[in-house]
Amino acid sequence: MAEAETSPVPFSSNHDSGPVVPVKPLVSFLECVQETAFQTYGSSHFDPKLYVDLSLRFSLSKTMHAFDKLLETGNGSVSVKDLDEFIEKYFEGAGHDLVYAEPVDFVPEPQGFLPKVENPQVRAWALEVHALWKNLSRKVSDSVQKQPEFHTLLPLPGSVIIPGSRFREVYYWDSYWVIRGLLASKMYKTAKAIVTNLVSFIDAYGYVLNGARAYYTNRSQPPLLSAMVFEIYNQTGDVELIKTCLSALLKEYKFWNSGIHEVSIHDAQQNKYSLSRYYAMWNKPRPESSTIDKQSSSKFLNASEKQQFYRELASAAESGWDFGTRWMRDTSEFTTLATTSVLPVDLNVFILKMELDISFLAREIGADGIAENFLKASQARQRAINSVFWNEKMGQWLDYWLSNGTTCKVESQTWEAQNQNQNVFASNFVPLWIDLFNSDTPLVEKVMRSLQTSGLVCAAGIATSLTNSGQQWDFPNGWAPLQHMIVEGLARSKLIEARSMAKEIAERWIRTNYVAYKKTGAMHEKYDVEKCGESGGGGEYVVQTGFGWSNGVVLAFLEEFGWPRDQSIDCIS
């Protein structure tokens, strides 16, 4: 499947002048180790992240001295045997600084667990998925607290649920769907601990990091912390949680609505709207993918163009969609990645949700002034989303390309219809997730018809895009978060047909997860929506198992829709 070329806006090669948050010396050294490992071991089965996740056994200076001698002895190249021995002697294995933590609130079958799941086969599997929370539960080892300079892992106050496989640390936006699953599993203390960890990042950095690593301090991820607090409060009524988190949520809100992230747009009537974009504070290769990023940037001869490309890579990572044609000006050329030039539909929906959540949570603890301010902010953003992103003809909300978005500070833009990205992505339907939109029945009907004819709805779920680019955030991959937001939005509407469509998509997604699990014994990070029971592929690394958000969405879907006793769970041929 293919799409039209993306952006009508000409590429801007403005000098990259944006902010850069430096990484600590250990990270820079481990990038050198990664580079040497790549040259020594070759590209087959090579995962660059492995090397920046290693911990030191000795001081950095002693380890660097030994590494320099190793390079000198081999005249710059190192044998497999010598590098193996060096790594064995001077490093602890990746993930060694995260230790298993028994979840305090795990029971094999929680009281009131998935009452609508009547099919014994599905119920048995759901309990196995529930048990995966135990497998994925960790805490940061004491050694990280005692000697932080020996680790790229960052200290955290509470236990964590990791996504799985190579993702050995807590991640920001994954945590929302992990928490949705934990709430279905009645694991409220574990869910609250995740929020406590994320709040600790805001206290330390002013924003939630992409993940709990020193090399992630230069960017965030889709801002869903308020949504996590909202969901936990809804289930537990824990007022203290709101009181603990509110000031952090206000700080995070400021991060996303000022400086590099904020963009002003004027419409034809000179109404001014304030919206947000992704913009990483980094212009070098991402340490966890340094060797890959350097290869990708080799087409650029100019140093400032390379820097800008590196910032676009890191900004795509901040979006969570790393990588896909959504951020590319030319969908057939990866080096045209221009994430900072895009006003994304979903980011602004997440911030709208943040405004609604903060308004609600503030009112619950009597902070009426804050509640009123954020209600007004949400109304302004709703108008902005309707004005800038909505496309009446397509019945979708479309990303908007900025005409000079590669600069750090974007001057106020004037909206032009041609700057809407006409290509179809699952993110075009994410506004349905918000009650302000899914409560509008005529709107839901129009968007539902558009989704039905979009080409995204496939045999095993909703595709991410219509372009098969080989990137992981493209066709034919389907991702749990996108299924969940769209399905939940349709299910919450008053339209019977929309609720029926939601149930059907959820069942397809549950089926593909179940069949893949029965074949492989694992839950997967992403799935091929064309083939029931097949995991996804593409991108920088092999498909990962575990898997936090896939587990969470399956449990949330089973809680919402159940599974009748006499309904088959196998793939429908």
Side-chain angles (χ1 to χ4, degrees), residues 157-158 172-173 175-180 182-183 188-209 220-259 261-264 272-276 345-386 430-440 485 488-489 492:
Y172 183 6
W173 80 313
S175 296
Y176 174 77
W177 287 280
V178 167
I179 282 173
R180 290 298 300 263
L182 289 170
L183 294 177
Y188 306 122
K189 288 179 182 172
T190 301
K192 285 178 196 174
I194 293 172
V195 165
T196 303
N197 290 326
L198 300 182
V199 166
S200 77
F201 286 142
I202 297 177
D203 293 340
Y205 301 95
Y207 47 94
V208 184
L209 306 186
S220 185
Q221 258 194 340
L224 289 161
L225 182 59
S226 70
M228 300 179 211
V229 176
F230 177 86
E231 293 296 341
I232 295 170
Y233 175 73
N234 258 2
Q235 296 249 349
T236 65
D238 186 345
V239 174
E240 289 307 310
L241 181 70
I242 303 177
K243 291 176 179 173
T244 305
C245 296
L246 188 58
S247 65
L249 294 178
L250 297 177
K251 230 184 256 185
E252 184 186 38
Y253 182 77
K254 187 176 180 185
F255 171 77
W256 284 104
N257 290 281
S258 60
H261 290 110
E262 185 183 34
V263 178
S264 294
K272 183 182 175 184
Y273 303 108
S274 181
L275 290 162
S276 302
V345 169
D346 48 2
L347 172 60
N348 286 282
V349 166
F350 299 147
I351 297 173
L352 172 60
K353 176 133 178 61
M354 196 192 297
E355 289 159 346
L356 293 165
D357 291 340
I358 290 174
S359 180
F360 170 81
L361 296 167
R363 204 166 303 280
E364 290 296 288
I365 59 168
D368 291 346
I370 294 173
E372 194 55 41
N373 287 342
F374 275 86
L375 182 61
K376 284 178 184 165
S378 72
Q379 290 162 348
R381 192 169 301 267
Q382 184 187 11
R383 288 193 295 273
I385 288 169
N386 288 339
V430 164
L432 279 180
W433 189 44
I434 305 296
D435 290 344
L436 283 176
F437 297 113
N438 64 44
S439 60
D440 180 340
M485 287 184 285
E488 191 162 75
R492 284 178 175 169

Subject >> Nearest atoms (heavy-atom pairs only) where Pro223 meets Trp256 >> reply: CB-NE1, 3.5 Å

**OP:** State, with a plain yes or no, whether a side-chain heavy atom of Glu355 is found less than 4.5 Å away from one of Lys376.
**Re:** no

**OP:** Determine whether Arg381 and Met354 make a side-chain contact, defined as any pair of heavy atoms from C-beta on separated by less than 4.5 Å.
**Re:** no

**OP:** Output every pair passing ring-ring contact (aromatic ring centres under 6.0 Å, His included) with a member in residues 355-383, not counting sequence neighbours, ordered by first then second residue.
**Re:** Phe230-Phe360, Tyr253-Phe374

**OP:** Nearest 0.5 Å please: distance from the CG atom of Asn257 over to the CG atom of Leu275.
**Re:** 9.0 Å

Original post:
Any side-chain heavy atom of Ser175 within less than 4.5 Å of one from Leu198?
Top reply: yes

**OP:** Hey, could you give me the CD/CD1 distance between Glu252 and Ile202, rounded to the nearest 0.5 Å?
**Re:** 4.5 Å

Subject >> Validation row: Val239, Tyr233 side chains within 4.5 angstrom (heavy atoms) >> reply: yes

**OP:** Calculate, to the nearest 0.5 Å, the distance between atoms CG and CD1 belonging to Leu356 and Ile351 respectively.
**Re:** 12.5 Å

**OP:** State, with a plain yes or no, whether a side-chain heavy atom of Leu436 is found less than 4.5 Å away from one of Ile385.
**Re:** no

**OP:** Taking all non-hydrogen atoms of both residues into account, name the closest pair between Pro157 and Thr196 and its distance.
**Re:** CG-CG2, 4.0 Å

Original post:
Between Val199 and Val195, is a side-chain contact (heavy atoms from CB on, under 4.5 Å) present by the stated rule, with each step listed?
Top reply: CA-CA 6 Å; Val199 166; Val195 165; 4.2 Å; yes

**OP:** Look at the rings of Trp433 and Tyr176 and say which category their plane angle falls in: under 30° parallel, 30 to 60° tilted, over 60° perpendicular.
**Re:** perpendicular

Subject >> side chain to side chain donor-acceptor pair (under 3.5 Å) partners of residues 237-248, not counting sequence neighbours, each pair once >> reply: Lys192-Asp238

Original post:
Within the distance-only criterion (no hydrogens, no angle test), does the side chain of Tyr172 pair as donor or acceptor with the backbone N or O of Leu224 below 3.5 angstrom?
Top reply: yes

**OP:** Please check if the side chain of Ser378 supplies one atom and the backbone of Leu375 the other of a donor-acceptor pair under 3.5 Å.
**Re:** yes

Original post:
Hey, is the main chain of Ser276 close enough, under 3.5 Å, to the side chain of Asn348 for a donor-acceptor pair?
Top reply: yes

**OP:** Output the distance between atom CG (Leu246) and atom CD1 (Ile370), rounded to the nearest 0.5 Å.
**Re:** 5.0 Å

Subject >> Smallest separation among heavy atoms of Ala371 and Ser359, with atom names >> reply: O-OG, 2.8 Å

Original post:
Parallel under 30°, tilted from 30 to 60°, perpendicular over 60°: which one fits the rings of Trp177 and Trp173?
Top reply: perpendicular

**OP:** Would you mind reporting whether Ile179 and Ile232 have side-chain heavy atoms less than 4.5 Å apart?
**Re:** yes

Subject >> Atom pair CG/SG of Leu250 and Cys245 - distance to nearest 0.5 Å >> reply: 11.0 Å

Original post:
What is the minimum heavy-atom distance between Ser226 and Asp357, and which atoms define it?
Top reply: OG-OD2, 2.9 Å

**OP:** Give, for atom OG of Ser220 and atom CZ of Phe201, the distance between the pair rounded to the nearest 0.5 Å.
**Re:** 10.0 Å

Original post:
Is there a side-chain contact (heavy atoms from CB on, under 4.5 Å) between Met228 and Leu225 once you walk through the steps?
Top reply: CA-CA 5 Å; Met228 300 179 211; Leu225 182 59; 4.3 Å; yes

